[in-house]
Number of protein chains: 2
Amino acid sequence: MATISKENYLKTIFNYKTNSGVNATTAKVAQDLSVSNAAISEMAKKLSDEGLISYKKYKGMELTTNGEKIALKVIRRHRLWELFLVKALGIGWNEVHSEAERLEHHTSEFLIDKIDEYLGFPDFDPHGHPIPKKNGTIPKTPKVILLSEAEKNNVYEFVRVDDRDSELINYLIRIEFLLNTELTVVDKLSFDNSVTISFNKKSLSMSKELTKSIYVKAVKN
Amino acid sequence: MATISKENYLKTIFNYKTNSGVNATTAKVAQDLSVSNAAISEMAKKLSDEGLISYKKYKGMELTTNGEKIALKVIRRHRLWELFLVKALGIGWNEVHSEAERLEHHTSEFLIDKIDEYLGFPDFDPHGHPIPKKNGTIPKTPKVILLSEAEKNNVYEFVRVDDRDSELINYLIRIEFLLNTELTVVDKLSFDNSVTISFNKKSLSMSKELTKSIYVKAVKN
DNA sequence: TTATAAATTTAAGTATACTTAACTTAATTA
DNA sequence: TAATTAAGTTAAGTATACTTAAATTTATAA
Ligand SMILES: [Mn+2]
Ligand SMILES: [Mn+2]
Ligand SMILES: [Mn+2]
Ligand SMILES: [Mn+2]
């Protein structure tokens, strides 16, 4: 049975692989879930016994088909809730992640499908992450890079942002740098790795840290 | 701290007192929550230690001011969710109770206030139960009686129904007997305690069991 | 009033999901 | 290669919320 904890472990293992390209290790999952390494080892054994991950001691873990199915359902619920809270209740896109983090575990398939329908079966959540479909497929995502890797004088579109830092997104709201905004990389400073961009006729310098949370896609001219 | 279990205990103790007029006993709470009497005894001790109920062994339990505050918050969340699911997503009033039963424990004050605002600060949920206000007050409710106690030839309004039996409400939907419907008691049969009512130009016989789930208020002519 | 029945509490044990501390394995580096 | 460090696992223990079975208290009725 997939308890709340197990759902979170599976989701985390899935996201880790998606974001990094490599299998999740004990330490990484522990860090993500803010629990001890020991807790991961114990749970890894259980998830493995239940056929939800394949796990060899000391060698990291990987979702099985069944594990991935559950992970995708949790992520689907999470992202649909986020978009729903924004669209139906006008809640800020910086505030919905933490709500969704809890609601994702307490939503029947019946209810999430109603929400999906209400939203017109959307492909992306408010932070630009793809919403897994009811059938388990994932909408095609554009090829993105971090703003920190963007090249000077090139034009990009802001298409995704890490959704866990409410303060960060709150800053984006304040400077009116919203998803789907077009931007040009005006300058890159080597001594602090800050990036100066222009968008909506404004110019703005972004710190190294900030540019590592912002994903953009190249715009062909 | 109020865990999910504790929230449910407090809510149940509150509702029991509201519905019956007398303090909850171990057995009644156990029945309502579908757990053993032993579980109630244990939890009663903890809730008492935390100052949420006053409890004397073998003598039943009663909410303290603090306990009632928490109970009202849980009930507020429950009933606002129910109405929201009906109004915003068009979910049937027979299907929202079980969803709310889980969501009520995973909703921040921020979110529930947004939902409250969306709904225009409503006084009653889809089953006619009052929705506790943010400040802890409860909207004034009409004086209601069970349909089983209604008198022949009198006119009533259907104002409340027990919300836990989805099948029962589903039947009401099928016969188009909705909340706020005006009805006349046409007949009461003594041999089976069934009640025949007329509403919307239709006539219908209701079993003893059904009339004990339906609350009406007298309509003055 | 005393026996019996009903209600309730206590005791002992289970499952889940954590913790810290100790130990083991793997990777790094001198 | 051997020592050191990092990563991961195991062991022991905690908290919550249940269970069943035994013991106790209270209520009821002969
Ligand atoms: Mn999110
Ligand atoms: Mn979660
Ligand atoms: Mn309800
Ligand atoms: Mn509940």
Side-chain angles (χ1 to χ4, degrees), chain A residues 1-14 16-17 20-63 66-67 70-71 74 101-102 104-106, chain B residues 1-14 16-17 20-63 66-67 70-71 74 101-102 104-106:
Chain A
M1 202 230 9
T3 63
I4 293 173
S5 275
K6 285 175 186 170
E7 286 191 345
N8 281 330
Y9 277 83
L10 295 173
K11 183 178 75 155
T12 299
I13 295 166
F14 182 92
Y16 188 81
K17 178 71 173 280
S20 72
V22 300
N23 283 345
T25 62
T26 300
K28 295 295 184 184
V29 177
Q31 187 178 28
D32 242 59
L33 292 173
S34 300
V35 297
S36 65
N37 283 6
I40 307 300
S41 286
E42 281 204 345
M43 187 60 98
K45 213 178 302 156
K46 289 186 211 162
L47 292 173
S48 178
D49 287 349
E50 290 179 52
L52 300 175
I53 65 172
S54 68
Y55 168 61
K56 282 236 184 69
K57 280 204 292 189
Y58 299 101
K59 298 296 176 192
M61 53 203 86
E62 188 170 18
L63 295 181
N66 275 341
I70 294 173
V74 179
E101 199 57 55
R102 279 167 296 124
E104 67 185 2
H105 307 293
H106 307 282
Chain B
M1 204 230 9
T3 62
I4 293 172
S5 275
K6 285 174 186 169
E7 286 190 346
N8 280 330
Y9 278 84
L10 295 173
K11 184 179 75 156
T12 299
I13 294 166
F14 181 93
Y16 187 81
K17 179 70 172 280
S20 73
V22 301
N23 284 345
T25 61
T26 300
K28 295 296 184 183
V29 177
Q31 186 178 29
D32 244 58
L33 292 174
S34 301
V35 296
S36 67
N37 283 5
I40 308 299
S41 286
E42 281 203 347
M43 186 60 98
K45 213 177 304 159
K46 289 184 210 163
L47 292 173
S48 179
D49 286 349
E50 291 180 52
L52 300 174
I53 67 172
S54 67
Y55 168 62
K56 284 237 184 68
K57 281 201 294 189
Y58 299 102
K59 297 297 178 191
M61 54 205 86
E62 188 171 18
L63 295 181
N66 275 342
I70 295 174
V74 179
E101 199 58 56
R102 279 168 296 125
E104 67 186 2
H105 308 293
H106 306 282

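Residue numbers start from 1 in every chain, and the chains themselves are labelled A, B, ... in the order their sequence lines are given, proteins ahead of strands. These numbers come from a predicted model, not from an experiment.
To the nearest 0.5 Å, the span separating CD1 on I40(A) from NZ on K28(A) amounts to 13.0 Å. Between the CE atom of M61(A) and the CG atom of L10(A) there is a distance of 11.0 Å, given to the nearest 0.5 Å. Atom CG of N37(A) sits about 8.5 Å away from atom OG1 of T25(A), to the nearest 0.5 Å.
Distances shorter than 4.0 Å separate none of the side-chain N or O atoms of K57(B) from OP1 or OP2 on dT26(D). Within the structure, a side-chain polar atom (N or O) of Y55(A) is placed less than 4.0 Å from OP1 or OP2 of dT9(D). The shortest distance between the side-chain N/O atoms of S5(A) and the OP1/OP2 oxygens of dT16(C) is not below 4.0 Å.
To the nearest angstrom, P of dA15(D) lies 14 Å from CG of D49(B). As rounded to whole Å, 4 Å separates atom P of dT10(D) from atom NZ of K45(A). Between the NZ atom of K28(B) and the C1' atom of dA7(C) there is a distance of 12 Å, given to the nearest Å. Rounded to an integer number of Å, the gap from CG of N8(B) to C1' of dT16(D) is 14 Å. Rounded to whole angstrom, the span from the OH atom of Y58(B) across to the P atom of dA23(D) amounts to 13 Å. Rounded to whole angstrom, the span from the CD atom of Q31(B) across to the C1' atom of dA7(C) amounts to 13 Å. Distance, L33(A) CG to dT19(C) C1': 15 Å, rounded to whole Å. Separating the CD1 atom of I40(B) from the C1' atom of dA17(D) is a distance of 11 Å, rounded to the nearest angstrom.
Backbone-only contact: A27(A) has heavy atoms under 4.0 Å from sugar-phosphate atoms and none from a base.
Taking only side-chain atoms of T25(B), from C-beta outward, the nucleotide of dT8(C), dT10(C), dT19(C) with the closest atom is dT8(C). You'll find that the side chain of S36(B) is closest to dT19(D), out of dA26(C), dT19(D), dT19(C). Distances from the side chain of Y9(A) to the nucleotides dT16(C), dT9(C), dC18(C) place dC18(C) closest. For K46(B), taking side-chain heavy atoms from C-beta onward, the closest of the listed nucleotides dA17(C), dT10(C), dT16(D) is dT16(D). Closest to the side chain of S41(B), out of dT25(C), dT9(C), dT20(D), is dT9(C). For A39(A), the side-chain atoms get nearest to dT19(C) when compared with the rest of dT9(C), dA26(C), dT19(C).
A residue-by-residue look at A38(B) and M43(B) shows that M43(B) has its nearest nucleotide of DNA chain D further toward the 5' end. Both N37(B) and E42(B) lie near DNA chain C, and the one whose nearest nucleotide falls closer to the 5' end is N37(B).
A 6.0 Å sphere centred on NZ of K17(B) holds more than 12 heavy atoms belonging to other residues, nucleotides or ligands.
Here the closest heavy-atom approach between residue L63(B) and residue A71(B) is recorded as CD1-CB, 3.9 Å.
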